[in-house]
Every structure is written in C-alpha cells, then in structure tokens.
There are 2 protein chains.
Amino acid sequence: MDYPRAVSTDPPTNAEPLRADSARVRARMLRAARERLAAGDTELPMNAIAKAAGVGVGTVYRHFPSRQALLEALAAERFTHLVDAAEQAAAGPDIATELARLLRTALDHQLGDPALAAVLAEPEAARPETRALGQALTTAVDRLLHRARAAGAIRPEITADDVRALFCGLQHAVTVSGDADRDRYVGILLRGLRA
Amino acid sequence: MDYPRAVSTDPPTNAEPLRADSARVRARMLRAARERLAAGDTELPMNAIAKAAGVGVGTVYRHFPSRQALLEALAAERFTHLVDAAEQAAAGPDIATELARLLRTALDHQLGDPALAAVLAEPEAARPETRALGQALTTAVDRLLHRARAAGAIRPEITADDVRALFCGLQHAVTVSGDADRDRYVGILLRGLRA
DNA sequence: ACCTGAACACCGTTCAAGT
DNA sequence: ACCTGAACACCGTTCAAGT
C-alpha cells in the first residue's frame with residue numbers, strides 16, 4: 001500500500017513545490033510558532049507569530065488559513081513518526097508487546113508535542129495531509145488490532161477509533177497528574193484493554 | 001467529620017452573607033455565564049458576560065477575580081454533588097459496585113458540566129471553597145480505596161489523586177470519541193483498576 | 001503571484017468617578 | 001462599600017495597496 005508521507009514543509013493544498021522564498025518564509029513562521037509553544041504559550045497568536053517571524057499577518061493567514069491548520073502543520077512531523085511506529089508495531093513479532101510499545105510511543109509523542117495532542121483530539125482535519133495521516137494511522141492500528149484479536153491479546157470489540165480516543169485520554173490523565181505516573185497509567189490502560 | 005458545603009452563591013472569600021442586591025447581581029452574572037456555556041461558547045468572555053448580565057465589567061471582576069474563579073463558581077454545585085456521591089460510595093455495601101457507580105457518576109457530571117471538567121483538571125484551586133471541595137473528594141475517595149484494597153477489588157497502588165486524574169482522562173476520551181462509547185470506556189478503566 | 005500592514009471589531013484588565 | 005464604564009493594550013481577521 002501507498003500511504004502519503006506528508007512533511008511539515010508541505011504546501012497547504014496543492015502539490016507544486018513552493019518557491020524558494022515562500023518556503024523560507026514558511027519555515028520562519030513555523031519556527032516562531034514552535035518557539036512560542038516551547039515557551040509554554042499554548043495560544044499561538046497569529047499576530048505575535050507574524051511579528052516574531054518578521055512577516056505580515058496576511059502571510060501567516062495565506063499559509064495557514066486557521067489556527068487549526070497551523071497546529072496541524074506543527075504536528076505533521078511527529079504525526080508521521082507516530083504512523084511509522086504504528087506500522088512497525090503492526091508488523092512486529094509479539095503483538096502484545098507491540099501494542100504496549102505503541103501506547104508508550106504515542107504517549108511520548110503527545111507529551112513531547114502539545115500540537116500533536118491537540119490534532120489527535122480534534123474531530124475533523126483542516127488540512128488534507130492531516131486527514132491522510134489520520135487514515136494511515138487508522139489502517140495501521142486496524143492491522144495491529146486484527147492480529148491482537150487473533151492472538152487473544154485484546155478485547156474483540158476495541159476499534160482503531162477507540163485506541164485513538166484512549167490515547168488522548170491517557171495523555172490528558174498524565175497531564176493532570178504529572179509525568180511521574182506515566183508508566184502506571186499506561187499499565188492501567190493496557191490491563192483494561194486485555195481480553 | 002465536617003466537610004464544608006460550599007454552594008455556588010457563596011461569596012468569593014469572606015463568610016459574611018452578601019447584601020441582597022449584591023447577591024442578585026451575582027446570580028445574574030452566573031446565569032449569563034451558564035447560558036453562554038450551554039450555548040457551546042467555552043470562552044466565557046468577561047465583557048460579554050457583563051453585558052449579558054446588565055452590569056459593568058468591573059463588577060464581574062469584583063466577584064470573580066479571574067476566569068478560573070468564575071469557572072469554579074459555576075462548577076461548585078455539581079462538584080458538591082460529586083463529593084456527596086463519593087461519600088455515599090465510600091459507605092455503600094458492596095465496594096466494587098460502589099467504585100463502578102462512582103466512576104459513572106463522575107463521568108456524567110463532567111460531561112454535563114464543562115466547568116466541572118475544567119476545575120477537576122486544574123492543578124490549583126483559585127477559590128478556597130474549591131480547595132475544600134477537592135479535599136473532601138480526596139478524603140472520601142481515600143476511604144473508598146481503603147475498603148476496596150481490603151476487599152481485593154483494586155490494585156493496591158492506586159491513590160485518590162490517580163482516581164481524579166483518571167476521571168479527567170476518561171472524560172477526555174469520551175469527549176474525543178463520542179457519547180456512545182461512554183459505558184465501554186468506563187468498563188475498560190474499571191478492568192484496568194482491578195487487582 | 002505573493003507579501004505587507006493599516007484598519008476594524010472584539011476581549012482582558014484597570015481604575016477614576018459616581019451612588 | 002459597591003457599581004459603572006471609559007480607556008488602553010492586545011489579538012483575530014480582512015483586504016486594498018504594493019513588489
């Protein structure tokens with residue numbers, strides 16, 4: 001099969017490569033946004049990003065028509081890693097071990113990138129690249145669940161959508177409680193999923 | 001024991017009863033805020049609330065020094081119900097059944113009141129009433145967990161703080177996935193908590 | 001084509017002036 | 001004491017004008 005491999009520097013809609021200066025400007029905006037996120041500012045004000053990147057506000061809106069689109073662009077890189085991890089997990093030797101590992105990886109990615117956590121939790125993708133990544137994730141997790149069911153490693157009624165929602169819930173629980181409880185909460189969820 | 005029973009009409013800090021007109025104004029603001037929340041506006045703009053309640057902005061700030069304080073005032077009523085439910089659960093006959101019932105009740109309250117969900121997830125209370133409710137909840141859940149451990153109904157390392165964080169995670173998972181999965185997710189969490 | 005930034009609407013927050 | 005609302009700073013979003 002042939003999953004799209006979107007990268008954070010992809011243009012918003014068309015498949016043409018960006019002109020060099022446009023790509024540079026785009027990268028500057030993403031860097032500025034990431035710096036604000038890293039600094040704990042979860043708001044991502046468009047005006048502030050424009051100023052920090054040295055561009056006009058209109059340019060931010062041209063590249064990212066909404067804050068959601070910006071968040072998805074920021075999350076794209078890690079989202080791709082997560083999809084890779086899911087595909088490897090679906091193909092790994094011991095499926096129960098793979099499920100456990102994937103849960104931990106997903107949690108790490110979400111805790112390491114608030115943009116990814118937000119994107120996984122949103123009901124609808126703003127950018128087609130994000131939709132493609134979501135579908136690739138679903139496909140990989142479906143494969144993993146199929147094998148896990150056959151091996152009697154998981155309750156049969158669990159779907160890929162459940163796994164995604166439970167990823168999000170797990171991330172939220174750890175955010176509320178603190179990083180120290182990360183492994184214990186993963187364990188609780190894993191036990192809850194077992195057949 | 002003697003837990004404070006804060007009600008949403010309590011004044012922000014002192015214990016003196018409010019003057020009649022002040023209490024009326026306060027109730028109007030809370031009503032206006034609730035209407036906006038019910039209408040799906042999760043933002044709770046102070047200016048808009050002031051206008052809707054027919055008071056000056058300064059009055060909103062006088063009663064609720066921060067948006068968090070406003071959220072906590074909105075959540076107080078349901079928070080009280082949740083604490084009651086936890087205390088009844090801790091005293092109920094079959095402790096495993098009580099734990100399951102409490103989980104469901106907490107989820108219902110959080111899904112029915114976004115303000116409560118936000119307040120349960122916040123690390124620090126803005127108002128003393130909220131802190132008192134939080135402590136009462138912890139005490140009741142501790143009692144419940146003590147009995148559940150003795151009955152071998154729950155993993156021994158689970159604490160009241162865990163339960164609170166997992167409440168929040170469960171709520172988030174259901175919000176991401178949709179109400180239809182509510183009972184299944186409660187089941188997953190319960191299985192994960194079992195000894 | 002792409003970028004700029006002024007312009008307008010709106011919200012957060014404060015505080016001098018009113019009752 | 002308590003309330004009012006003007007005032008200032010800031011952010012979202014659009015769009016006419018520039019290159």
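Throughout, protein chains are lettered first and strands after them, A, B, ... in sequence-line order, and every chain is numbered starting at 1.
Salt bridge absent: B/Asp161 and B/Arg164 never bring a charged side-chain N and a carboxylate O closer than 4.0 Å.
A close approach under 4.0 Å does not occur between any side-chain nitrogen or oxygen of B/His63 and OP1 or OP2 of D/dC2. At least one side-chain nitrogen or oxygen of B/Ser22 sits closer than 4.0 Å to the OP1 or OP2 atom of D/dC3.
Distance CG (B/Leu44) to C1' (C/dT13): 16 Å, rounded to an integer number of Å. Between B/Gln68 atom CD and C/dG12 atom C1' the separation is 16 Å, expressed in whole Å. Straight-line distance from the CD atom of A/Glu43 to the C1' atom of C/dG12: 12 Å, rounded to whole Å. For the pair B/Tyr61 OH and D/dA6 C1', the interatomic distance rounds to 15 Å; values are reported in whole Å. Protein atom CZ of B/Arg67 is 11 Å distant from nucleotide atom C1' of C/dT13, rounded to whole Å. The NZ-P distance, from B/Lys51 to C/dA9, rounds to 13 Å in whole Å. Atom CE in A/Met46 sits about 13 Å away from atom C1' in D/dT14, given to the nearest Å. Put simply, CZ on A/Arg62 is 14 Å from P on D/dT14, counting in whole angstrom units.
Across all strands shown, the partner of C/dA7 is D/dT13, judged by Watson-Crick or G-U wobble contacts whose two distances both fall under 3.5 Å. Nucleotide D/dA1 forms a Watson-Crick or G-U wobble pair with C/dT19, both donor-acceptor distances falling under 3.5 Å.
By the 6.0 Å contact criterion, CZ on A/Arg191 is enclosed, its count of non-hydrogen atoms from other residues, nucleotides or ligands being greater than 12.
Closest contact between the side chain of A/Asn47 and the listed nucleotides C/dT13, C/dT4, D/dT13 involves D/dT13. Here the nucleotide nearest the side chain of A/Thr59, chosen from C/dT4, D/dA6, D/dT4, is C/dT4. Relative to the side chain of B/Val57, the nucleotides C/dT13, C/dC11, D/dT13 differ in distance, and C/dT13 lies closest.
Across the interface with DNA chain C, nearest-nucleotide mapping of B/Ser66 and A/Val25 shows A/Val25 to be the residue nearer the 5′ end.
Between A/Asp142 and A/Thr159, every side-chain heavy-atom pair lies at or beyond the 4.5 Å cut-off. Between A/Glu77 and A/Asp113 the shortest side-chain heavy-atom distance does not fall below 4.5 Å.
Checked by atom type, the side-chain pair A/Thr175/A/Gln171 shows a donor-acceptor distance below 3.5 Å.
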